Structure formats: structure tokens, C-alpha cells
**Student:** 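Shown below is the structure under consideration.
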Number of protein chains: 2
Amino acid sequence: MHNNYFHIFTATNMKNQKRTTIYDIARKLNLNASSVSRALSNTSKVSEATRKLILDTAREMNYQPNSLASNLRRGSNRTIGVIVPRINQNFFADIIAGLEEITYENGYNLVICQSNESYKREVECVNTLINQQVNCIVMSVAAEFEDDEHIRNIQKNGIRLIQFDRVADELDTLKVLNDNRQASVEAVSHLVEQGYRRIALLEGPQNLNIFRQRKEGYLQALAEHGIEVRPELMKVNAWTQELSAEATRELLALSDPPDAIFASTSDFSALGVLQVATELGLTVPDQLGICGYSNEAFTEITNPSITTIDQHSVEMGNAIARLYFREAKLDATASGPKTITIKPQLIIRESSSRHKF
Amino acid sequence: MHNNYFHIFTATNMKNQKRTTIYDIARKLNLNASSVSRALSNTSKVSEATRKLILDTAREMNYQPNSLASNLRRGSNRTIGVIVPRINQNFFADIIAGLEEITYENGYNLVICQSNESYKREVECVNTLINQQVNCIVMSVAAEFEDDEHIRNIQKNGIRLIQFDRVADELDTLKVLNDNRQASVEAVSHLVEQGYRRIALLEGPQNLNIFRQRKEGYLQALAEHGIEVRPELMKVNAWTQELSAEATRELLALSDPPDAIFASTSDFSALGVLQVATELGLTVPDQLGICGYSNEAFTEITNPSITTIDQHSVEMGNAIARLYFREAKLDATASGPKTITIKPQLIIRESSSRHKF
DNA sequence: AATTATTATGCAATCGATTGCTTATTGTAA
DNA sequence: TTACAATAAGCAATCGATTGCATAATAATT
């Protein structure tokens, strides 16, 4: 794998040079390290003259503060740890980008871990971040969930915890959520308004709260519109493109097949549906309506374009980071857990826009 | 922005508990901290009995090692810093995911920064990572490039540096590159083989090496096939979907317009081309051939699907991390800079597959 | 000019783990 | 049983920055 498309060749070299410390600066100026520290951190208590002298010398000696030392002393890292199932999944990549914007503004850093949807990895990630003394852990739990002891352990160690999107509901932590239920209600209601009546649901793993909520929203919308629930129209664990394609084939083979499919798991699922519909020669949206979830970039480009739900992921990342910094200020007073709910937005596109019956 | 789709409500609380240190364990067992340290780090010199005792007590007291302290003492972080222009761009997200896989296996962490294509931000990111004493910095330079002093500074501080994809060529560092030139040669040759003769090029900013190389490849392929270079077919800085669309309109308005366009900057550019072609009623690939770059997920889904170049991004991330760990082992001996070149792969799809003339 | 109030600087402990060196303990060989 | 080797455990310095407290130097007040 990491072998046959590589060509390797060598060049020259580098060397280690000992770093300048505040002691080096102090020695050179015949001062005490504490003064240097004060000058650099700008904590009054130093005369303007020496401060200037110190800053100049620092620059001249190419001084770079050693964060490890100051972190140890201060017992803080100015770092936020992030644990996501997959870094390179659009939603999470956007969340991270959103987090980064705000943490950067505040002079904090981000340490990233991915659990790969594995419980074991998730526990390890948590431990690493605890050892690193990060100030805060931001996480979305892995699909494989066994126990929340590791999550509790975060708080035991005095580290702030913000859960987002996929959360361990029962835990009393800061949470930033999408209103999945509401979004699903809107999506399904939209389908109903477009004249679809036999609406199928592709579900994600029900151990994850987000997928349960989306299902609830689906049921709620049907109820609100007085549409009977047909269990055979609800397919479990259809959360990849392939699984969804398969589920779609089964659905369309029913004697009374659906006239619309709400792929509540992702846009990739919706894509699977579209693919099968195309194969079977069904016209979308006329014969089959489709709605996905997440507003992946490609939904705009497919033919027909796909109706979906935008989760405001980057803004969600921003919100998470802002929540941390706001709470951090209240610090000792520890105002306690809050939940922020972000309202996703239904994006109506061709795949569900039936030219009125 | 971070206000109108939020609902906030409050719940209960958490508290700080002082962390257990090796001293606590030592005190409890009437031992010296050094023994505890040795037992935990598994450096012989401790009897089996006491080691077991210590480990058990550690568990019981919920001990979590303080990495800040040991990092300071060891002068190392077991951390790799990553600087990319944008975290949530497919290529970079994949690189990061690839990096993470391998660094995780080796017990290292990843600190992520994004330069947002800004030179100033890039410099700041570099400084932060130097202060953090990361073991290695992995970076791809921002489009806005002024000077490489900050990059040199990395090495001055004894930190390993691996540049990838967009690199400061003149610097003598570890590099992991795509063979952009070769990939472009193949792409353009493919177009020629499909019978296209008036092949246009959409270029990226020429201050970035990768875009220069892609242009070189284009020129080389034309030369190899004895096709005359027409400067008016080469459009600079067409590196967003919008800019490319505009460039395409200009190209197609020429008296002798191109019959194929190589959007060497990205698949988004290719999308811009496709969009304009559709607008103008040109059939792709018959009247106009299109080739993009990057193999974004959507290229497979568009209609027609888009021919493009896969950069093996995740594998590239793996390769970068492996390079670091391999080099780290040679450590003192410092075998010196190497370059690894990854061969991208041309993915031929509908947008360039002309049913032979 | 003498005394007090301010400000600048130095001193030394601290954060928690690591590690070279010394000392105590146990085991082995003669 | 004595001498010596091997192993276990303790001591103390160290990594570099921060910070409360003490002292020195300067400015302000009467």
C-alpha cells in the first residue's frame, strides 16, 4: 500500500540548537528570570526601560517561550480536545473548521482525535486528552456505544465537557445539538404538502439519539397529517449508500410501494435511493420523491438535485467553541451545564418538488 | 449569526477534584515517587511485588499521568503539528485522517491549525507549534506566500519538518509530493487520444509549485503530441467554480474555441466548466471534453460524470506520518531530508470519453 | 532632610514526572 | 560465615516558566 507509488531520494541535513530560555536572557542582561517572565507576559511590575530591553534581547536571541513549562506551572493547556467519529466526514470536518476559527481567535489550540466509530478507540482518546490536561473536550460519540464511564471521568478530572450532535443523553453536560426531530417534521411535512402520501423512512442505528429523534420527527409529521404509519415502510440501519440502495429495492418491490423516501441517515443514503430509482426508470420527483440529510456539497449537483437538510455545521462548530469560552469566563462560579439547540434548515430542491398534482 | 437559531437552557453542575499524582501514590504506599514513576513507565528496577502494588493503587486512586509534566521533563510532546490552508477541504481532511491513523498507532497526537490561505496566520501557526515543542510539523503552505523565514525557524528549533503537496521548493526539508507534472501529462495525453486537439488549460496561482507543475505537464504533453501551444487557451487564476465558469465563457467565445478543457486547479473548476457547457447547450464529452483534478466525491455523480485525478490523499497522509516515524528512529544519526513522490491516478469518466470519432 | 509610599527587582518555591547517582537490601558464591 | 554481586529503593536535581513574598531603589510627602 505505502510502497508502490513512491520514489524516494535523499538530500542534506539539519541540526539541533539549544533553545533560548528566560534564564539565558536574564543572564545576558544581569537580571533575574522572574523579571524576564514578567516583562514577557506584560504583567506590570517591570519598568518600561527594562521591559523594552528584555523584549529586544528576546527577539535578538530568537527566544520562543516554552509552552510545556508554562502549561505545567499554570496547570492549563489552552487547548481544546476534539473527538469525532471521522475527521474526513463533511459534517465533522466542518464542525472542526468552525471550532478552529473561534479557538484560534482566543489563542487556544485544537487537538484532534478520531474514534473511527469504535468504542475502544473513543475511550483511549478520552484518556489521552485527560492526560494532556486539555481545558475542554468536545465530542460526538461513536456509533458503537457501551458505557459512559470514560465520559464521566472527564468531568471527574475537572475538564469541561461539551457533547455535540451525537450525545450521551443521560449525562449532565454542556450540549450542542441539532433539532433533528423538528427538522424531520419539516422534511416530512414538506413531502406531504407536495402530495406524497406513502412516505418511507430509511433509519440510522437507533442506539444513536440523533437517529431516534429523526424517526420521532417522521412519526410526528405523519400523525399531524393524519397519515397512517406503515411499519413495512420503515427500514432500519440503512445508513450507507449501498444499504440504502438495497432497502430501496425492497421498498419499491412492495405491492403498495412508497411514493417518497426520506433518507434520514444521510445524503449518501439519498444518493443510493436516487441511483435505484434511475435504474428502475422511475422519474424523480414525479413518481418518487426523495429527501436526504446533511446538505452535502453534491446534493446540489446531482440530477435531479436533492432536497436535504442543512445542519449549519460550521456555525455549530463556532457555537460550541463560543459556549466554552463563555463558560470558561464564569469559571469558578461554574454556571453549570447548558444545552444549545441549533435549528437545521430544510433545503428544498428538485428531488421533492413535484409540479403540483 | 450565533444567536437566532439557538435556544438555551440550564441544568446542574460539576466540580474540580485534585488530580492524583505519583507523589500521592508514593505517600500512600510509603514509597518514593521515583519508584512509582519507574513502575508506571515499566523501566525495570522495581520488584514485581511493588510494581503490582503500585499499579493497583494507581488504578484505585484513579491516577492519570500528567503529560504536561513528563513532556517538560523529556522535552518532547509526542505530538505532530499540522498546518493546512483549510481543514474542511476534502483533500486536506483526507490527509489529516491519514495522518491520524498512523500517529495514533504510534501513541502520538495531532495538533491541527488552519492558515486560511493567509500568510500571517501561517506564521502564527508555526510559532504556536514551535512553542508547544511539537516533535514534528507537517505543513502545506498557504496560497499567499511572502517569505520562508518562519519555515526555516522550525528547523532552527530542532523540530522535524515535513512539507507536503504545496511546498517551498527551495528549502531542504522532508517532502511528500504528488507527481503533479506526470499526472497532468497523462490527463492531457488522454484527451489527445480521445481526439481532442484544441485543449485549453485552467491554471491555478503560479506562485504555488503544484500549479506550476500541472502547467508544465500540460505543456509537455502538447509537445509530445506535436500540438501547437496557443497562449489564448491558457487561463490564469481560474481556481474557483465561479472564476472557471467565467474563464470558460471567454474561451468558448473565441473564434477558434477549445474542444476540451483541462481544469487543472480542482474539480470545482471542472464543475464550473460543465455548468457553462450545459448553459450553452454544448454536449459533453462530444463537443467539449472536460478533465478536473482531485477526485472529489461529486465527480462520480454529476451528469456526465467527470474525468479527474485521484491524489490518494489518505494514503498520502499515511505516508507522511510513516516518514516521520521512520526518520525519528534514525534520530541522532539524522539521515537528512528525503522526498517521497506519490503517483496520482487518472480516473477516466464520461466527461472525456468520446465514442471514437 | 527625614519619613513614608511606590515601584522595580530578586529570591525561592512550585507544577509533576524523570533519571543519574547513592544507599540499602537481598541473593549468590567461595 | 564472609565477601561480593545484583537488585530494589531512595535522594535530589532537573525541565522552564510563574508567582507570592521580601528587599532594594526610587519617588512623593511633610
Side-chain angles (χ1 to χ4, degrees), chain A residues 16-55 57-58 61-79 128 130-135 157-158, chain B residues 16-55 57-58 61-79 128 130-135 157-158:
Chain A
N16 277 26
Q17 204 173 309
K18 222 176 297 122
R19 294 167 64 112
T20 326
T21 72
I22 54 170
Y23 294 97
D24 299 329
I25 301 179
R27 204 170 309 122
K28 181 155 187 177
L29 295 178
N30 224 349
L31 281 172
N32 188 282
S34 54
S35 299
V36 178
S37 169
R38 287 179 183 122
L40 293 168
S41 64
N42 217 15
T43 344
S44 56
K45 297 301 191 123
V46 204
S47 74
E48 260 320 308
T50 52
R51 144 162 312 130
K52 180 153 179 0
L53 194 60
I54 289 172
L55 293 183
T57 317
M61 297 177 77
N62 193 26
Y63 169 75
Q64 298 280 141
N66 183 333
S67 322
L68 296 183
S70 65
N71 286 344
L72 172 61
R73 180 62 227 255
R74 282 198 324 261
S76 148
N77 226 352
R78 292 179 194 280
T79 291
T128 311
I130 292 179
N131 298 350
Q132 299 227 340
Q133 314 254 72
V134 296
N135 292 62
N157 279 278
Chain B
N16 278 27
Q17 202 172 308
K18 223 176 295 123
R19 295 167 62 114
T20 329
T21 72
I22 54 171
Y23 294 97
D24 299 328
I25 301 180
R27 204 171 311 120
K28 180 156 188 177
L29 296 179
N30 225 348
L31 282 171
N32 189 281
S34 55
S35 300
V36 177
S37 169
R38 288 182 182 119
L40 292 168
S41 64
N42 219 15
T43 342
S44 58
K45 296 301 189 128
V46 202
S47 73
E48 259 319 307
T50 53
R51 148 164 309 131
K52 181 152 175 0
L53 194 61
I54 290 173
L55 293 183
T57 317
M61 297 178 75
N62 193 25
Y63 169 75
Q64 298 280 142
N66 182 333
S67 324
L68 296 182
S70 64
N71 287 343
L72 172 61
R73 180 62 228 255
R74 284 198 323 262
S76 147
N77 226 353
R78 292 180 192 280
T79 290
T128 311
I130 292 179
N131 297 350
Q132 300 229 340
Q133 313 255 71
V134 296
N135 292 63
N157 279 278

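From a predicted model like this one, the values you see are computed outputs, not experimental measurements. Heavy-atom basis, side chains included; hydrogens, waters and symmetry copies ignored. Letters go in sequence order (proteins before strands), and every chain restarts at 1.
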**Student:** Considering only heavy atoms and no angle criterion, is a donor-acceptor pair shorter than 3.5 Å present between the side chain of B/R38 and the base of D/dG10?
**Tutor:** yes

**Student:** B/I25 has an atom CD1; how far is it from atom C1' of D/dA9, in whole Å?
**Tutor:** 16 Å

**Student:** What nucleic acid atoms does A/N131 come within less than 4.0 Å of, heavy atoms only: base, sugar-phosphate, or nothing?
**Tutor:** nothing

**Student:** What pair of heavy atoms forms the shortest contact from A/R19 to A/D24, and how long is it?
**Tutor:** O-OD2, 3.6 Å

**Student:** For B/L29 and D/dA8, give me the distance from atom CG to atom C1', rounded to whole Å.
**Tutor:** 15 Å

**Student:** Taking the side chain of A/L72 as its heavy atoms from C-beta onward, which of D/dG16, C/dA17, C/dC11 lies nearest to it?
**Tutor:** D/dG16

**Student:** So, is B/Y23 near the phosphate of D/dG10, with a side-chain N or O under 4.0 Å from OP1 or OP2?
**Tutor:** no

**Student:** Do A/R27 side-chain and D/dG16 base share a donor-acceptor contact under 3.5 Å?
**Tutor:** no

**Student:** Using the side-chain heavy atoms of B/R73, tell me which of these nucleotides is nearest: D/dG16, C/dT19, D/dG10.
**Tutor:** C/dT19

**Student:** Are any of B/T50's side-chain N or O atoms less than 4.0 Å away from OP1 or OP2 of D/dA9?
**Tutor:** yes

**Student:** Write down the distance between CD (A/Q133) and C1' (D/dA17), rounded to a whole number of angstrom.
**Tutor:** 16 Å

**Student:** Does the side chain of A/R27 come under 3.5 Å of the side chain of A/N30 through a donor N or O and an acceptor N or O?
**Tutor:** no

**Student:** When rounded to the nearest 0.5 angstrom, what is the spacing between OH in A/Y63 and CD1 in A/I22?
**Tutor:** 6.0 Å

**Student:** Are OP1 or OP2 of D/dA9 and a side-chain N or O of B/S47 less than 4.0 angstrom apart?
**Tutor:** yes

**Student:** Roughly how many Å is it from CG in A/L31 to C1' in D/dA25, rounded to a whole number?
**Tutor:** 14 Å

**Student:** What's the CG-P distance between A/D24 and D/dA17, to the nearest Å?
**Tutor:** 9 Å

**Student:** Does a nitrogen or oxygen in the side chain of B/S35 sit under 4.0 Å from OP1 or OP2 of D/dG10?
**Tutor:** yes

**Student:** Can you find a side chain N or O atom of B/N66 that sits less than 4.0 Å from OP1 or OP2 on C/dA17?
**Tutor:** no

**Student:** Heavy atoms under 4.0 Å, any strand shown: does A/S34 hit a base, just sugar-phosphate, or nothing?
**Tutor:** base

**Student:** Between C1' on D/dC15 and CG on A/N71, what's the gap in Å once rounded to a whole number?
**Tutor:** 14 Å

**Student:** Within this structure, what is the CG-to-C1' distance between B/L53 and D/dA8, rounded to whole angstrom?
**Tutor:** 14 Å

**Student:** So, OP1 or OP2 of D/dT18: does either fall under 4.0 Å of a side-chain N or O from A/S37?
**Tutor:** yes

**Student:** Just do the side-chain contact (heavy atoms from CB on, under 4.5 Å) check on A/N66 and A/T21 with the steps written out, would you?
**Tutor:** CA-CA 8 Å; A/N66 183 333; A/T21 72; over 6 Å; no

**Student:** Check this for me: does the side-chain of B/R74 come within 3.5 Å of the base of C/dT18 through a donor and an acceptor?
**Tutor:** no

**Student:** Any donor-acceptor pair under 3.5 Å joining the side chain of A/T21 to the base of D/dC15?
**Tutor:** no

**Student:** Once rounded to the nearest 0.5 Å, what's the spacing between atom CD1 of B/I54 and atom CZ of B/R38?
**Tutor:** 10.5 Å

**Student:** B/N32 or B/L68: which one's nearest nucleotide on DNA chain C is closer to the 5' end?
**Tutor:** B/L68

**Student:** Find the distance between OG1 (A/T128) and CZ (B/R78) and round it off to the nearest 0.5 Å.
**Tutor:** 11.5 Å

**Student:** What integer distance in Å separates A/I22:CD1 from C/dT9:P?
**Tutor:** 15 Å

